Each structure stands twice: as structure tokens, then as C-alpha cells.
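Got a structure for you, written out below as C-alpha cells; questions coming shortly.
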Amino acid sequence: MSEEKSLNFIEEIISQDLASGKYDSILTRFPPEPNGYLHIGHAKSICLNFGLAKHFGGKTNLRFDDTNPVKEDIEYVDSIKEDVKWLGFEWAKECYASDYFDQLYAFAMQLIEKGLAYVDDSTAEEIAQQKGTPTVPGTGNAFRNRSIEENKTLFAEMKAGKYADGEKVLRAKIDLASPNMHMRDPLLYRIKRAHHHRTGDQWCIYPMYDFAHGQSDSIENITHSICTLEFIPHRALYDWCIEQLGIYPSHQYEFARLNMTYTVMSKRKLLQLVEEGYVQSWDDPRMPTISGMRRRGYTAESIRDFCDRIGIAKRENIIDLSLLEFCVREHLNKIAQRRMVVTNPIKLVITNYDKGEEILHSENNPEDPNGGTREVPFSNELWIEREDFMEEPTKKYFRLGPGLSVRLKSAYIVTCDNFEKDAAGNITTVYATYNPDSKSGQDTSGIHVKGTLHWVSAKHAVPVVLNEYDRLFSVEDLSNAEGDFKDYINPNSLKAVEAYAERALAKDALDARFQFLRKGYFYQDTNSTKEKLVFNRTVTLKDTWAKEQKK
RNA sequence: UGCCUGAUGGUGUAACGGUAGCACAACUGUUUUUGGUGCAGUUUGUCUUGGUUCGAAUCCAGGUCAGGCAACCA
């Protein structure tokens, strides 16, 4: 018997709506503005909206909220579609608010005819001033009393291009004294001569968010319109428009957006990082964008799992980056191909190995009994990690040092006899003897060692580059940090290192997921070529030895 | 000195008047040919003051704190 997972508050509402017969089925929507790339916060919304539909047997539309042509671009539309698909979701309809411009214009005329909207000639500053403050009611102006006929004519002229940008706006006539600032005669339309990525130069007036979003929901018969907390005060206006227009009553519900430690989650800030060169692109693997995470090696499955675990609620939150890392490690541990790569090499010479070389076999994935093995060439000269040798080992050090023995993964047990240093005192070569009876899988030596090292045969090694990423920012909670968020950028968020990889890696598929033994999970970068293999570190392995050392 | 949200361990999230649970993090131990994984375990919490009740995280009243709202942005 599986324990029933408790419902979040939105699922609760939907179950009740379905049980009461209010709806036969539900329709949700994911409504990004195409003015930037999607990030992990959007993934939360995508998983929520599509997940709800899946859970309750409904559908989800993808709708582009493209009512502000100066900020929007087709590049963003394309990337958004790609990201949603990659995350594993299929939308029922691909919609655009701009497809409803004619309908929206007619809605506005309807409001004018009901005496509920008027053309205002005031400047932005005047309007702002006349709105009052949260504690002081707004004041009207003469334009508020224009006749219905005059308003109709004026609005039609606005559409026809008779007026300059900013010369006039259309406003709803609601309540200038409302305690909700959004109800103090909100703007419905503004004049803006800008090229729209879909409607071109057909329009010079564009509806505001509040006069587009709810109406679009209604046109599509969205049952549950889910958005983030900052839209709570807009809900009164959302409902007002629907009621006055007498159109399909979609309902808005709000949840808390995602925040994460050590990163930012605002398109404006992310755009700044790109434009000012702090990262290379929107899909830079350090970015919290879907495309960046994809390039870094995150799997769609792990992101979905993450979104599932963080939950949906109304309280502000900041999620530990470690939860995201846990999710991706958990998935990658199951599917990643194990390979050996040495990043900071010293030479290990096996003095009694006189076979020249031999082919050994190593499991591709100990988690997967059907994962098979691969061939790994072994010889008397190997690369091992510099940190795997210590001249004067401490008590808890399980690796190589004078007189110490270790297992070479999938190979033999070796014992260190000697080592060499250069003039500067750096270890250059370690000498060891191997035990021929300790071959992996057929070990009859009876020797037990505590440490196992990864290694690469020197003459078979393939040079590769590893991009080792660290968190983008150096403070946990950017919202509590004083000053400019860019002051907290981690200057060491990317370290590109040269490394020696085992031969098999050169032949592996481009999109394979790897675990470089004892180093972390890696994924081939989009710029990687056969001539120059480049891997991005998705996430390190958990490292309890590093913790031990800090003590 | 307006209106709207919200407040449960370090971080999230459950408990719908009846045993404060789960996950991540942290810490033990154990297994391990990855100091990985697995397994077992430990630590840590109901913002506050009253009230209702046999019984309150939950209901009521007051307070405190945090966030949002006054873009021709979404």
C-alpha cells in the first residue's frame, strides 16, 4: 500500500472544484513573457501547471504574454518552447496574447460603452500624482468625465495612429479612493510605436498586463490561472474585468515563487549578467536558466524531481542549493557511466611490472547490474592525482605514501617504495611495486587495503579539458545582501583544468552522462569537439574526506 | 500611520480540534575495489500574549516580525 501524498493548497482547491462539479476537467496555462530565457523558477511553475493538468486529467496551454514589444523577441519564444519540451511537457495549444489583440480592442470598446473606461490625456507623472498614495485617496481629473461618444472616437483615433506615443492612454473608471492601488483607474492601453515580433507594425496601441492576461485566460477557458504572489493585488482587477465584460470566469490563484541560495532568480538580473559579461551567455552552465542547467549536465528528470520536492505554498522561501544538487546526484548516480580522469597528475611507476601493458575491464556503473564493462589499458607508467600521495601521511589518510598500499581501481594493489622530487620540492614521480596476485576480480593475495585510487595509463591517456564550476555568488541569501548583487559574484565560479582521461572517453557518445570516479558528474560541453574534448562538471561527488580534513 | 499576504527545526514542506511527521542539510555508526552509493541511527521546530475547549500548530482576539502594493513592465 503506498501512502497517499498530501495535496498542496492548489491541488486541494482543484479536487474540490472537480468533486463539486464546478468543472468537468481543468485547463491550466504557462504564460511567460518572451523577454528572456527560462530559469529554474519557471521550471517550478511549469511543473506545477503541467503537473496539475496531468494529475487531474486536464490540459495546459503554453501562452506567450507578448504585450510589450520593446522587450520581447522571437529568440526568446524559441528558447522557451525548447526548454518546456526538454523538461518533458507537451502543451495543448500554443497561444499568444498578441493573437487576441483584435478581441482585446473590442473588449476595451465594450468597457467604454458601459461608461467604465475613458481616454486620459494626462502625462505619466500627472497620473501617478493623481493616484494618491496608499494612505491618501486619488483625485480625478476632467478627462474622467468625457462622454462615451468622445471616448469611443478618441480610442479609435489612438488605434488609428492619430496621437504620439504617450499622448493619451485608456483607463478603466473604477475607484480612485480604493485601498487597492491597482483599482485606482488602472491603465488599460498605451500608445507605443514599436515593432512587435509577431504583429509587426500593425498596432501602435498595446494592452497592459491587466487588460490582457485575465482576458486571455478567459478566451482560452482556463479554469485555474496560477501565478506568483506579487499578483495578489491584481486579482481584484482580474475579476473586475471578467465580470464587467461578462466573459468566461477564469480564476486566479497565487503561490510563492522559488528562491535559491547562491543565485539570483530575476530575468532582469540574469540579463545583466549576460550583457555585462559576467557570464558568457544565457546558457552559461553557471546560470540558473534551464538552458544553462541543461548544458551543465542537469537532467530534466532531476529538475522535475526537485520541483516536486520543494512543494507549493504561499510563504516566501529560499531553497538550499544542496537540495537541487541532491536531486541531480541521485539521478546521475543511477545512470552515469563511470570513467577515470586525472586532473592534477603525478607519475606512478610500477617497477616490477614487466608485461608492458594489458587490457583490464572495469564496470560502467556499479548501480546497474546490466551496465556492462569497458576496456581499460594498464601499463607500468600511470597518472594518479597529486593529492593521492602524501610524503608524510596522517593517521586517517588511506591513500599512497611511503610504505603504504592502495588498490588501483579495477587493477592491482600497489605498495609505494620510493618517490622523487624536483628542485622546488614538488613530488614528480612515485615508485611502487604491484602484487600480481591482487588482480581485480581474481584477487588471491588476501591483502586488504583501505584506499582505492583512480588512475590513467600514461601512454594511453587522452587529454581533455574540464570546466569545474562553483556557485555563481558567494553569499547564501542575495535578498539580504546589502548593495549591488554583482558585488557578491564569486570570482572563481569557473576553473578550466587540463586533465588526462582514460581512452574509452574519446569514443563515448556525446550526450552520455559521466561520473569521473571520485571527482564528480560530468557532461560534454556544447563546444566540445573530437579534437578537443571539453566536459562540464555538473556537480561534485559528496566529499566526506574534504570535511574530515577541515577539522 | 492604508490595503493585501504570510509566520512549524539550519532550509523546505505535512499534520484540516486528538501521538508535531517527511525530505534536504548536519552529525554517528556500518557496508563498500569510488572517503561515492547503500543501510542503521542521532540532533534540532509550532512568532508572541490572552481566550474558547477535556484537548489548540490548527478556532477567536490583540500584538510582533517579514514580504507585497502607488511602472504608459509582466
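Sequence lines set the chain letters: A, B, ... in the order given, protein chains first and strands last, and positions in each chain run from 1. All values below come from the heavy atoms of this structure, side chains included, with hydrogens, waters and symmetry mates left out. Keep in mind that this is a model prediction, so the values were computed, not measured.
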When you compare B:rG45 with B:rA20, how far apart are their C1' atoms, in angstrom units rounded to a whole number? 9 Å

C1' atoms of B:rC59 and B:rA26, separation to the nearest Å: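 Rounded to whole Å, the distance is 37 Å.
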
Tell me what A:D210 touches on the nucleic acid: a base, only sugar-phosphate, or nothing, going by heavy atoms under 4.0 Å. nothing

Regarding A:T261, tell me which of base, sugar-phosphate or nothing describes its non-hydrogen contacts under 4.0 Å with the strands shown.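 A:T261: no heavy atom of the nucleic acid under 4.0 Å.
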
Assign each of A:L541 and A:T135 to its nearest nucleotide of RNA chain B by heavy atoms, then name whichever residue's nucleotide is nearer the 5' end. A:T135

C1' gap between B:rC4 and B:rU8, integer Å: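 My reading of the C1' atoms in B:rC4 and B:rU8 gives 23 Å.
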
Closest approach to the side chain of A:M208, judged atom by atom: which nucleotide of B:rC72, B:rG35, B:rC69 is it?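 Nearest nucleotide to the side chain: B:rC72.
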
Does a side-chain N or O of A:T123 approach OP1 or OP2 of B:rC72 to a distance below 4.0 Å, or not?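 For A:T123, the contact criterion (side-chain N or O under 4.0 Å from OP1 or OP2 of B:rC72) is not met.
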
Return the pairing partner of B:rU48 with a 3.5 Å limit on both distances, Watson-Crick or G-U wobble; otherwise return none.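 Here B:rU48 is engaged in a pair, and the nucleotide opposite it is B:rG62.
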
Could you label the plane-to-plane angle of the A:H234 and A:H182 rings as parallel, tilted or perpendicular, counting under 30° as parallel and over 60° as perpendicular? tilted

For each nucleotide in nucleotides 7-13 of chain B, reading 5' to 3', give B when a protein heavy atom comes within less than 4.0 Å of its base, S when such contact involves only the sugar-phosphate, and - otherwise. SB-BSSB

Would you classify A:K409 as touching base, sugar-phosphate or nothing, given that sugar-phosphate means primed atoms plus P, OP1 and OP2, and contacts are heavy atoms under 4.0 Å? base

Over all strands shown, is A:K396 touching base, sugar-phosphate only, or nothing at heavy-atom distances under 4.0 angstrom? base

Spacing of the P atoms in B:rA70 and B:rU11 (rounded, Å):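 B:rU11 and B:rA70 have their P atoms separated by 29 Å.
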
What is the base-pairing partner of B:rA23, counting Watson-Crick and G-U wobble geometry with both distances under 3.5 Å? B:rU11

Where the side chain of A:Y163 meets the backbone of A:D121, is there a donor-acceptor pair that is under 3.5 Å apart? no

Donor-acceptor pair under 3.5 Å: do we get one between A:E367's side chain and the base of B:rG36?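 Side chain to base: pair found, below 3.5 Å.
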
Using a heavy-atom cut-off of 4.0 Å across all strands, would you classify A:Y206 as base, sugar-phosphate, or nothing?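 No contact.
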
Tell me what A:Q515 touches on the nucleic acid: a base, only sugar-phosphate, or nothing, going by heavy atoms under 4.0 Å. base

Tell me whether the side-chain N or O atoms of A:E254 pair up with the base of B:rU5 as donor and acceptor below 3.5 Å, since no angle test is needed here.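 Looking at the base of B:rU5, it does not pair with any donor or acceptor on the side chain of A:E254 (distance under 3.5 Å).
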
How many Å lie between CE on A:M181 and P on B:rC4, as a whole number?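 Interatomic distance, CE of A:M181 to P of B:rC4: 15 Å.
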
Of the listed nucleotides B:rG36, B:rC73, B:rC4, the one nearest the side chain of A:N68: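 In terms of side-chain proximity for A:N68, the closest of B:rG36, B:rC73, B:rC4 is B:rC73.
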
Contact class for A:E12 (heavy atom, under 4.0 Å): base, sugar-phosphate, or nothing?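 Contact class for A:E12: base.
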
For B:rU34, does the base pair up with any side-chain atom of A:R518 as donor and acceptor (N or O, under 3.5 Å, distance only)? no

With heavy-atom distances below 4.5 Å as the criterion, would you say the side chains of A:F155 and A:I205 are in contact? yes

Keeping A:R146 on the side-chain end and A:N151 on the backbone end, is there a donor-acceptor pair under 3.5 Å? no

Using a heavy-atom cut-off of 4.0 Å across all strands, would you classify A:H234 as base, sugar-phosphate, or nothing?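 Touches a base.
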
Would you check if A:Y209 stacks with the base of B:rA74, given a 5.5 Å centroid limit and a 30° plane limit, both strict? no

Heavy atoms from other residues, nucleotides or ligands near CD of A:E157 exceed 12 (cutoff 6.0 Å):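 Check passes, neighbour count above 12.
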
For B:rU30, give the paired nucleotide (Watson-Crick: N1-N3 plus N6-O4 or O6-N4; G-U: N1-O2 and O6-N3; both under 3.5 Å), or none. B:rG38

Under 4.0 Å between any heavy atoms, over every strand shown, what does A:P32 touch: base, sugar-phosphate, or nothing? Just pick one. nothing

With a 4.0 Å cut-off on heavy atoms, is A:G451 in touch with a base, just the backbone sugar-phosphate, or nothing at all? nothing

B:rU34 OP1/OP2 closer than 4.0 Å to side-chain N/O of A:R339: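 False: A:R339 side-chain N/O out of range (4.0 Å or more) of B:rU34 OP1/OP2.
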
Which nucleotide in B:rC69, B:rG35, B:rA74 has an atom nearest any side-chain atom of A:T452: B:rG35

Could you give the distance separating B:rA57 and B:rG18 at their C1' atoms, to the nearest angstrom? 13 Å

Euclidean distance for P, B:rC16 against B:rU52 (whole angstrom): 24 Å

What's the closest nucleotide to the side chain of A:E33 if the choices are B:rA74, B:rU33, B:rG36? B:rA74

Assign A:Y412 to base, sugar-phosphate, or nothing according to its heavy-atom contacts below 4.0 angstrom with the strands shown. nothing

Within the structure provided, determine whether A:I447 and A:S405 are in side-chain contact (heavy-atom separation under 4.5 Å).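 Heavy-atom side-chain distance check fails, nothing below 4.5 Å.
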
Hey, which sits more toward the 5' end of RNA chain B by its nearest nucleotide, A:R338 or A:L229? A:L229

Categorize A:R329 for me: base, sugar-phosphate, or nothing, with a 4.0 angstrom heavy-atom threshold over every strand shown.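 Nothing, no nucleic acid heavy atom in range.
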
Applying ring-ring contact (aromatic ring centres under 6.0 Å, His included) to A:Y206 and A:Y189, what does each step give before you reach the verdict? CA-CA 6 Å; A:Y206 291 94; A:Y189 266 91; 8.7 Å; no

Could you tell me the separation between the CD atom of A:E358 and the CZ atom of A:F378, rounded to the nearest 0.5 Å?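 So the gap between those two atoms works out to 6.5 Å.
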
Please determine if A:R304 and A:D308 form a salt bridge, counting it only when a charged side-chain N lies under 4.0 Å from a carboxylate O. no

What interatomic distance, in whole Å, is found between C1' of B:rG17 and the corresponding atom of B:rG51? 15 Å

What's the verdict on ring-ring contact (aromatic ring centres under 6.0 Å, His included) for A:Y96 and A:F64, showing C-alpha distance, side-chain angles and the deciding distance? CA-CA 5 Å; A:Y96 296 81; A:F64 293 95; 5.0 Å; yes

Among B:rA71, B:rG2, B:rG35, which nucleotide sits nearest the side chain of A:A128? B:rA71

Can you tell which of B:rU33, B:rA70, B:rG35 lies closest to the side chain of A:R407?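 Nearest to the side-chain atoms of A:R407, counting from C-beta on, is B:rU33.
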
Tell me the interatomic distance from A:I413, atom CD1, to B:rU32, atom C1', rounded to whole angstroms. 14 Å

Between A:S302 and A:Y298, is there a donor-acceptor pair closer than 3.5 Å when you use the side chain of the first and the backbone of the second?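 No, A:S302 side chain to A:Y298 backbone: no donor-acceptor pair under 3.5 Å.
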
Please give the nucleotide sitting opposite B:rC54 as a Watson-Crick or G-U wobble pair, both distances under 3.5 Å, or none.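 Across any shown strand, B:rC54 pairs with B:rG18.
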
Under 4.0 Å between a side-chain N/O of A:K547 and OP1 or OP2 of B:rC27, yes or no?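 Yes.
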
Using the P atom as the reference point in each nucleotide, state the distance between B:rA71 and B:rG50 in Å, no decimals.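 My reading of the P atoms in B:rA71 and B:rG50 gives 43 Å.
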
Is there a Watson-Crick or G-U wobble partner for B:rC69 with both distances under 3.5 Å, and if so, which one is it? B:rG2

Nearest-Å distance, CZ (A:R184) to P (B:rG2)?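 From A:R184 CZ to B:rG2 P: 14 Å.
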
Suppose we call two aromatic rings close when their centres sit under 6.0 Å apart. Are A:H213 and A:F231 close by that rule? no

Identify whether any heavy atom of A:T544 sits under 4.0 Å from a base atom; if not, whether one sits that close to sugar-phosphate; answer base, sugar-phosphate or nothing. sugar-phosphate

At 4.0 Å (heavy atoms only), tell me whether A:L187 reaches a base, stays on the sugar-phosphate, or touches nothing.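 Base contact.
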
